[in-house]
Amino acid sequence: MGDRWEGGCSCGHVRYRLTSEPLFTHCCHCLNCQRQTGSAFVINLLVEADRLELLTGEPTAVDVPRDDGSAQRIFRCPTCQVALFSEYGRPEVKFVRAGTLDDPAQASPDVHIFTKSKRDWFVLPESVPAFEIYYDQHELWPPASLERLEAVLR
Ligand SMILES: [Zn+2]
Ligand SMILES: [Zn+2]
């Protein structure tokens with residue numbers, strides 16, 4: 001893999017590496033993600049928890065309320081507080097924030113979701129599927145990723 005999927009926080013305390021390609025890469029335009037990032041969207045690399053290897057440091061888990069009443073567990077560097085990855089209910093799959101990669105250009109979205117709250121000035125690329133809210137992963141994910149997901153959720 002080299003260090004293509006290696007990243008960390010701003011102060012260098014927490015470093016991580018994905019030991020596989022991501023299962024799938026989301027670009028999420030929902031209002032929760034906009035608020036959390038202070039930006040127009042987040043790019044999340046979905047990967048099994050056991051394929052997200054911590055090289056240094058121990059992120060702190062913070063439960064953040066979402067608009068639908070659920071909570072999202074965000075893992076932050078305890079020193080500089082940069083958010084590195086999160087969980088949406090299931091701890092078996094981590095959502096790694098692609099902007100924390102050493103080379104964020106390695107990540108490109110496989111799907112755009114929650115485009116109903118997308119900013120007007122962001123023009124969706126025609127080459128990538130986009131959904132007003134969410135999608136059926138069985139219709140979009142490569143078979144190998146579906147197999148990997150089933151293996152960890154079993
Ligand atoms: Zn840090
Ligand atoms: Zn979102």
Side-chain angles (χ1 to χ4, degrees), residues 3-19 21-49 52-125 127-141 145-146 149 152-153:
D3 55 8
R4 182 178 173 198
W5 300 112
E6 207 169 303
C9 65
S10 294
C11 77
H13 179 71
V14 180
R15 298 281 306 160
Y16 68 81
R17 176 169 59 209
L18 275 61
T19 59
E21 298 281 316
L23 294 161
F24 216 62
T25 300
H26 285 176
C27 184
C28 184
H29 300 262
C30 86
L31 295 176
N32 294 291
C33 289
Q34 292 187 35
R35 186 184 305 116
Q36 288 171 17
T37 60
S39 183
F41 51 76
V42 71
I43 301 174
N44 281 322
L45 312 168
L46 280 61
V47 72
E48 301 97 316
L52 173 59
E53 183 184 3
L54 283 171
L55 304 173
T56 64
E58 191 62 48
T60 303
V62 182
D63 287 332
V64 177
R66 295 171 57 79
D67 291 341
D68 64 1
S70 67
Q72 179 180 347
R73 180 158 288 182
I74 300 180
F75 292 83
R76 296 180 173 275
C77 169
T79 305
C80 71
Q81 302 290 330
V82 163
L84 296 152
F85 55 91
S86 59
E87 290 171 8
Y88 295 78
R90 287 185 174 277
E92 297 92 340
V93 178
K94 305 294 191 211
F95 288 61
V96 179
R97 297 195 169 189
T100 66
L101 289 170
D102 292 340
D103 181 8
Q106 296 296 333
S108 65
D110 296 313
V111 66
H112 289 266
I113 56 174
F114 285 93
T115 60
K116 65 173 187 172
S117 46
K118 175 184 82 60
R119 297 281 63 80
D120 287 342
W121 46 256
F122 181 80
V123 180
L124 289 165
S127 56
V128 179
F131 296 87
E132 286 262 295
I133 299 178
Y134 208 69
Y135 65 98
D136 181 355
Q137 65 202 21
H138 292 97
E139 290 175 10
L140 228 53
W141 286 26
S145 290
L146 287 171
L149 181 69
V152 291
L153 295 185

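The basis for the numbers below is simple: all heavy atoms, side chains too, and nothing from hydrogens, waters or symmetry mates. In each ligand, atom 1 is the first atom listed, and ligand 1 is the first ligand listed. This structure is a prediction, so every number in the text was calculated from the model and none was measured.
A distance below 6.0 Å separates the ring centres of Y134 and H26. Between H29 and F41, the distance from one ring center to the other falls under 6.0 angstrom.
Counting heavy-atom neighbours within 6.0 Å of R15 CZ, excluding the residue itself, gives a total above 12.
A distance of 11.0 Å separates CD in E87 from CD1 in I74, rounded to the nearest 0.5 Å.
The two residues S117 and Q34 make their nearest non-hydrogen contact at O-NE2, 2.9 Å.
Angle SG (C28) to the Zn ion (ligand 2) to SG (C33): 120°, rounded to 10°.
A salt bridge links R17 and E53; the closest N-O separation between the charged side-chain nitrogens and carboxylate oxygens is under 4.0 Å.
Classification of the H112-F122 ring pair by plane angle, with boundaries at 30° and 60°, yields tilted.
Not a single N/O/S atom of H26, whether from backbone or side chain, sits less than 2.8 Å from the Zn ion (ligand 2).
Listed by chain and number, the protein N, O or S atoms at a distance under 2.8 Å from the Zn ion (ligand 1) are C9 SG, C11 SG, C77 SG, C80 SG.
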